[in-house]
Amino acid sequence: MTKITAAITAVGKYLPEYILTNAELETMVETNDEWIVSRTGIKERRILKGKGKGTSFMAIKAAEDLIQKANINPKEIELVIVATATPDMQAASTAAFVATKIGATEAFSFDQIAACSSFLYGISTASSYIESGRYKKVLLIGADMNSSMIDYTDRATCIIFGDGAGAVLFEPNTEGLGVQDEYLRSDGNGREFLQVAAGGSLLPPSEETVKNKQHFVHQDGRTVFKFAVSNMADVCVKILERNNLTNNDITWLAAHQANKRIIDATAKRIDLDASKVMMNIQKYGNTTSATLPLLLNDYESQLKKGDTIIFAAFGGGFTWGSIYLKWAY
Ligand code: UT7
């Protein structure tokens, strides 16, 4: 029997119109363009404005972009996964709302929540459903409205994050293209270093949590940076070794866009030339679950069938890992 692999067959994206530049941030907090660019690589990020708009707004737009570009009937989609760290609501599934709004009325749906690794883990989930033969069209969307949990008086976090969404469609492939291997990890000892402390079951919302700014992202940047650099590089080395790949075999590195210095360090560790490293952090900042699908969108015109892509991500939890994929179109 021919082996079924899970291939990405279409991509779509949505970015809010509003551009928050480093120059505007200079008017909000004690910072400057030179510091932000040299420490993070970020020049601007997008912010979703407007009452009543949450993560689902961007997820729907990205999915509609994909559906229109790929010319597919949304009724053929069997599963919709929304990878996110900022769901619309605590209890009602964001994915269920998105699936209904895009017309995927024959699908079931769920959210996949793993901080900045949500989309990477989502690739694992989506591809498993395809490889098992159970479903033939799985839509994976990475969407985050980070501005909903950022304190715009905290210069340590407000300069990093942005809003956005990207979508990919997984379908079965019998040419050996698509997901080849994965190496995923997590370590709960990391949760104190990057978190939104309140609003969940551990610390429900109260006047005090609001007063203490505990609904905002808090991060010990230096510690997260250290773990991100070593762990992201380690998993890339591991996945290369396991698949007998050298740097010459890799066409692209698609790494989570959290900090240009982390991406550069990962590329250096596997001895990869900068021309093979996908990069768009300068335009969007850290969009959490949307960074990887936004990279695929931005680089789609340069991708060729059979290209070898190494995905890597690191995020809160801690959660991290690497996935090896062969591009299918
Ligand atoms: O996506 C999920 C995973 N997240 C990450 O991977 C993020 C990892 N961390 C980082 O990317 C970096 O740690 C940051 C970009 C957050 C910070 O860069 P850093 O080089 O680690 O800076 P730092 O926190 O060590 O701060 C260095 C200095 C400090 O001043 P002193 O104590 O040396 O006088 C900060 O107060 O820079 C100061 N600083 C700033 N200065 C201007 C911190 N933020 C700013 C700012 N503008 N926005």
Side-chain angles (χ1 to χ4, degrees), residues 20-45 83-86 113-122 142-147 149-164 166 184-196 216-236 254-267 269 279-282 284-295 311-322:
L20 176 59
T21 62
N22 289 351
E24 186 176 352
L25 280 167
E26 284 178 14
T27 69
M28 296 158 64
V29 289
E30 184 68 40
T31 191
N32 58 79
D33 177 60
E34 197 279 326
W35 192 96
I36 300 173
V37 173
S38 64
R39 297 289 182 122
T40 70
I42 303 167
K43 292 200 78 67
E44 58 189 42
R45 61 293 290 138
T84 186
T86 53
I113 299 186
C116 288
S117 304
S118 301
F119 190 86
L120 186 83
Y121 284 12
D144 266 305
M145 185 179 169
N146 288 314
S147 59
M149 56 176 186
I150 292 300
D151 175 3
Y152 286 94
T153 64
D154 175 15
R155 69 177 182 173
T157 52
C158 75
I159 56 129
I160 303 169
F161 292 97
D163 302 337
L184 306 178
R185 285 286 168 270
S186 63
D187 179 1
N189 290 316
R191 88 166 168 180
E192 66 182 280
F193 303 113
L194 175 49
Q195 60 176 216
V196 177
F216 292 127
V217 172
H218 176 79
Q219 129 163 296
D220 174 350
R222 247 178 250 194
T223 304
V224 177
F225 185 90
K226 207 177 70 194
F227 278 99
V229 165
S230 59
N231 285 321
M232 230 159 80
D234 282 352
V235 289
C236 288
H256 174 52
Q257 308 281 295
N259 187 318
K260 185 175 184 295
R261 289 186 292 142
I262 299 174
I263 304 162
D264 288 346
T266 304
R269 188 65 193 285
M279 195 80 75
N280 59 15
I281 191 170
Q282 68 282 1
Y284 314 135
N286 181 350
T287 54
T288 304
S289 312
T291 61
L292 300 181
L294 284 176
L295 285 174
F311 291 99
F314 183 89
F318 293 136
T319 55
W320 74 100
S322 179

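We use all heavy atoms of the structure for the numbers below, so side chains are in, but hydrogens, waters and symmetry mates are not. When a ligand or atom number is given, it counts from 1 through the structure's own listing order.
Residues that satisfy the side-chain hydrogen bond (donor to acceptor under 3.5 Å, both in side chains) test with Asn259, not counting sequence neighbours, are absent from this structure. Among residues two or more places apart in sequence or in another chain, the ring-ring contact (aromatic ring centres under 6.0 Å, His included) test is passed with Phe225 by none.
Near Thr40, meaning under 4.0 Å from any of its heavy atoms, are these atoms of ligand 1: 15 (C). Less than 4.0 angstrom separates some heavy atom of Arg222 from each of these atoms of ligand 1: 13 (O), 21 (O), 23 (P), 25 (O), 26 (O), 27 (C). Set against the non-hydrogen atoms of Asn286, the atoms of ligand 1 under 4.0 Å away are 1 (O), 2 (C).
We find the CD1-OG1 distance between Ile159 and Thr31 to be 5.5 Å, quoted to the nearest 0.5 Å. For the atom pair Phe216 CZ and Thr153 OG1, the distance stands at 7.0 Å (nearest 0.5 Å).
Of the protein's heavy atoms, none falls inside 4.0 Å of atom 34 (O) of ligand 1. Within a 4.0 Å radius of atom 31 (P) of ligand 1, the protein has no heavy atom.
For atom 18 (O) of ligand 1, the nearest protein heavy atom (residue, atom name, distance) is Arg261 NH2, 3.6 Å. At the shortest separation from atom 14 (C) of ligand 1 among protein heavy atoms lies Asn259 ND2, 4.4 Å. Nearest protein heavy-atom neighbour of atom 5 (C) of ligand 1: Val224 CG1, 3.6 Å. The nearest protein atom to atom 27 (C) of ligand 1, hydrogens excluded, is given as Arg39 NH1, 3.6 Å; this is a heavy-atom distance. For atom 2 (C) of ligand 1, the nearest non-hydrogen atom of the protein is Cys116 SG, 3.1 Å. Protein heavy atom closest to atom 36 (O) of ligand 1, with residue, atom name and distance, is Arg155 NH2, 2.8 Å. The single protein non-hydrogen atom nearest to atom 39 (N) of ligand 1 is Trp35 CZ2, 3.4 Å, given as residue, atom name and distance. The single protein non-hydrogen atom nearest to atom 16 (C) of ligand 1 is Ile160 CD1, 3.6 Å, given as residue, atom name and distance.
Considering both main-chain and side-chain atoms, Asn32 never comes within under 3.5 Å of ligand 1 through any nitrogen or oxygen pair.
Taking each heavy atom of Asn286 and Asn146 in turn, the nearest pair found is O-ND2, 3.2 Å.
Between Trp320 and Phe314, the two ring planes are tilted [angle within 30° to 60°].
The residue from Gly221, Gly317, Gly285, Ala115 that puts a heavy atom closest to atom 9 (N) of ligand 1 is Gly221.
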Side chain to side chain donor-acceptor pair (under 3.5 Å) assessment of Thr287 paired with Asp144: CA-CA 6 Å; Thr287 54; Asp144 266 305; over 6 Å; no
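No part of Ile36 comes within 4.0 Å of ligand 1, judged by heavy-atom distances.
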